[in-house]
Amino acid sequence: MPRPRVRRTEAIVLRERDYAEADRILTLLTPGGKVTVMAKGVRRPTSRKTGHLGLFNRAEIMLAQGRNMDLVTQAQALEVFEELWHDLLRFTYACYAAELVDRFVPEDEGSSDLYDLLVSALRWFSTGDDLRLWCRYFELSLLRQTGYAPSLHRCVVCEGDLQAETNYFDLAQGGLACPRCGMQIPGARPVSLSAQKVLRYLDSRDMASVGMLSLRESSQREIETLMHAVLQYTLERELKSTAFLRRLRSELAMREASRQKPEGSAKPPVFDDQPDSA
Amino acid sequence: MASMPRAVDRLIDALSRLPGIGPKTASRLTYHLLRAGEEEAAVLAEAVAALHRQTIMCSRCCNISETDPCAICTDDRRDHQTICVVEEPLDVVAIENTGNFHGLYHVLHGHISPMERIGPDELRIEPLLARVREDGIREIILATNPTLEGDATAIYISRLAQPYGVSVTRLALGLPRGGDLEYADRMTLSEALAGRRLI
């Protein structure tokens with residue numbers, strides 16, 4: 001079916017690139033899919049669209065069919081995630097989520113579920129607690145919605161039920177393998193029982209349940225390392241925002257540690273060590 | 001497909017690498033230069049060749065200049081205790097055109113953009129901090145763009161500058177002159193209300 005000449009849609013601005021004198025090329029995620037559009041004159045301070053089409057804004061927009069790409073003719077911001085403007089760490093998590101969506105979703109593909117997931121993620125990164133854990137929930141949900149859900153209940157080799165023990169993650173087959181099969185797979189990485197429980201919990205619950213989870217730093221780190229390996233293997237490249245996210249977190253941890261320690265102390269940052277509830 | 005002379009092909013290829021210029025525009029510009037004659041093409045070629053030969057980056061403010069240090073950094077009539085931090089050299093021109101700022105500048109050459117792998121190390125932040133440490137700076141005016149990434153850069157710099165006891169300010173935000181109130185977004189209007197002043 002041909003696309004209408006003018007259409008109205010809701011959209012999140014995933015990324016923006018300056019173009020020509022005062023224009024911007026925007027990558028948008030809409031409930032109907034990812035689109036790249038042109039916003040003419042939007043870099044001029046007097047443009048009526050400028051404030052409405054900021055990065056990560058949720059906006060209602062009118063798109064007119066253009067020769068090479070659609071043009072934004074009207075825009076009205078519906079939701080501005082204000083905390084992202086004031087908090088560097090929250091901003092960087094939002095960048096990470098947007099980069100993931102941009103990499104996983106090809107042009108003209110996507111769904112309303114994916115759109116809702118990103119809106120929820122931006123809301124959480126803007127105002128929520130435990131951004132790391134929510135980031136893991138987002139990664140697993142994104143993998144599921146784009147058809148890359150990791151297999152977490154049955155061995156990806158022998159298809160037997162996984163036992164409550166350390167199992168192995170095989171990146172190539174995208175899931176856990178039992179110790180007998182896993183130890184035969186070169187490069188398969190061991191995954192602790194508590195990390196498996198957390199992954200299954202995050203994979204099967206709704207987002208409201210994420211806030212009820214409280215993890216040890218060691219579990220957070222194990223799951224994060226595993227998820228980054230899964231994402232990098234699936235995308236066949238490293239995500240650009242990860243480096244800055246790591247740097248920022250380590251700077252914040254050092255700053256926090258120097259605040260807590262007497263001056264001159266050079267000990268590493270102290271992390272919380274709550275019991276694993278998963 | 002008919003082949004083009006190699007010289008034409010080379011220029012189209014070179015021009016289409018410039019930002020905002022696609023292959024069609026590059027072809028149009030190339031054929032315009034062909035029609036305009038050798039003299040006009042030579043003027044352009046000389047200007048392009050001189051661009052790097054006759055410019056240098058000022059080792060103090062990181063702006064593009066003909067001399068090092070640049071004319072602004074060596075001007076004794078300017079306030080050497082105030083630095084205005086901007087993203088690009090063209091922002092210096094914009095602020096100079098106001099005629100209302102008499103301090104010094106510092107050009108970052110970009111903004112923090114995690115999605116483009118541009119972090120603090122890719123920007124000229126360390127030379128700025130060196131100036132704050134060594135030059136007795138009293139105020140840093142953060143004039144990065146009022147975008148999410150511009151604000152992120154401003155927050156990052158203000159955090160680094162904090163330990164030096166320097167006053168860090170941000171350009172005012174609000175409604176643009178000639179703008180229309182009914183089309184302003186909620187955040188801009190809120191900032192304009194917060195920054196209202198007596199008349």
Side-chain angles (χ1 to χ4, degrees), chain A residues 13-21 23-25 27 43-57 59 68 74-82 84-96 98-100 102-103 238-245 247-248 251-252 255, chain B residues 18-25 87-88 90-91 94 110-123 144-160 162-163 170-192 194:
Chain A
V13 182
L14 279 184
R15 59 194 313 151
E16 51 186 22
R17 184 159 55 91
D18 290 352
Y19 184 79
E21 284 271 307
D23 310 337
R24 259 191 199 128
I25 294 175
T27 305
R43 280 156 58 207
R44 291 197 182 96
T46 48
S47 164
R48 292 172 171 182
K49 300 186 282 272
T50 306
H52 300 277
L53 286 175
L55 194 62
F56 307 144
N57 279 7
N68 297 322
Q74 284 177 44
Q76 174 70 48
L78 299 174
E79 195 169 358
V80 177
F81 303 99
E82 285 190 34
L84 304 182
W85 289 76
H86 310 303
D87 188 319
L88 206 49
L89 188 63
R90 292 180 186 280
F91 159 74
T92 312
Y93 270 106
C95 288
Y96 177 73
E99 191 186 353
L100 268 181
D102 192 31
R103 295 270 179 235
E238 203 178 329
L239 288 157
K240 290 180 180 174
S241 44
T242 333
F244 186 62
L245 188 55
R247 175 188 175 138
L248 198 60
E251 281 181 11
L252 289 172
R255 170 186 272 251
Chain B
L18 297 174
I21 295 189
K24 285 254 168 59
T25 309
E87 291 184 15
E88 301 293 344
L90 281 174
D91 299 333
H111 52 231
I112 289 175
S113 178
M115 286 190 284
E116 305 299 333
R117 218 192 289 270
I118 300 173
D121 295 341
E122 281 67 47
L123 305 176
T144 50
N145 286 332
T147 60
L148 199 45
E149 289 159 325
D151 270 25
T153 311
I155 293 171
Y156 191 83
I157 292 173
S158 67
R159 193 181 284 170
L160 293 178
Q162 232 173 27
R170 181 94 173 100
L171 285 190
L173 295 165
L175 296 166
R177 273 198 197 280
D180 213 325
L181 201 75
E182 69 171 301
Y183 289 104
D185 63 289
R186 195 170 55 84
M187 206 165 153
T188 305
L189 260 179
S190 303
E191 277 156 351

### Interchain contact, B/N145 with chain A, by part (heavy-atom threshold 4.5 Å)
neither
### Summary
Turns out that what part of B/A184 lies under 4.5 Å from chain A's heavy atoms comes down to backbone
### Message
Test side chain to side chain contact (heavy atoms under 4.5 Å, CB included) on A/D102 and B/M115; report intermediate values, then the result.
### Response
CA-CA 10 Å; A/D102 192 31; B/M115 286 190 284; over 6 Å; no
### Query
Under a 4.5 Å heavy-atom cutoff, which of A/H86, A/E16, A/R255 has the most pairs with chain B?
A/R255
### Query
If you tally heavy-atom pairs under 4.5 Å against chain B, which of A/R15, A/E99, A/E21, A/H52 wins?
A/H52
Quick one: what part of [X] sits under 4.5 Å from any heavy atom of chain B, side chain, backbone, both or neither?
X	answer
A/Q76	neither
A/N57	neither
A/I25	neither
A/L89	neither

Pick whichever of [options] has the most heavy-atom pairs under 4.5 Å with chain A.
options	result
B/E149, B/M187, B/E116	B/M187
B/R177, B/R159, B/E182, B/R186	B/R159
B/L148, B/I155, B/T188	B/L148
B/I21, B/D180, B/T147	B/T147

### Message
Please check this pair: side chain of B/T153 against backbone of B/I112, looking for a donor-acceptor N/O pair closer than 3.5 Å.
### Response
yes
Any idea which heavy atoms bring [X] and [Y] closest together, and the distance?
X	Y	answer
A/L100	A/L239	CD2-CD1, 3.5 Å
A/A94	A/L84	CB-CD1, 3.9 Å
B/P176	A/P45	CG-O, 3.2 Å

### Query
Is it true that atom CZ of A/R17 has more than 12 heavy atoms of other residues, nucleotides or ligands lying nearer than 6.0 Å?
no
#### Entry: Qualifying residue, where the test is side chain to side chain donor-acceptor pair (under 3.5 Å) with B/T144 and the options are B/E88, B/H111, B/R170, B/E87
B/R170
### Query
Are B/P120 and A/F244 close enough that some pair of their side-chain heavy atoms sits under 4.5 Å apart?
yes
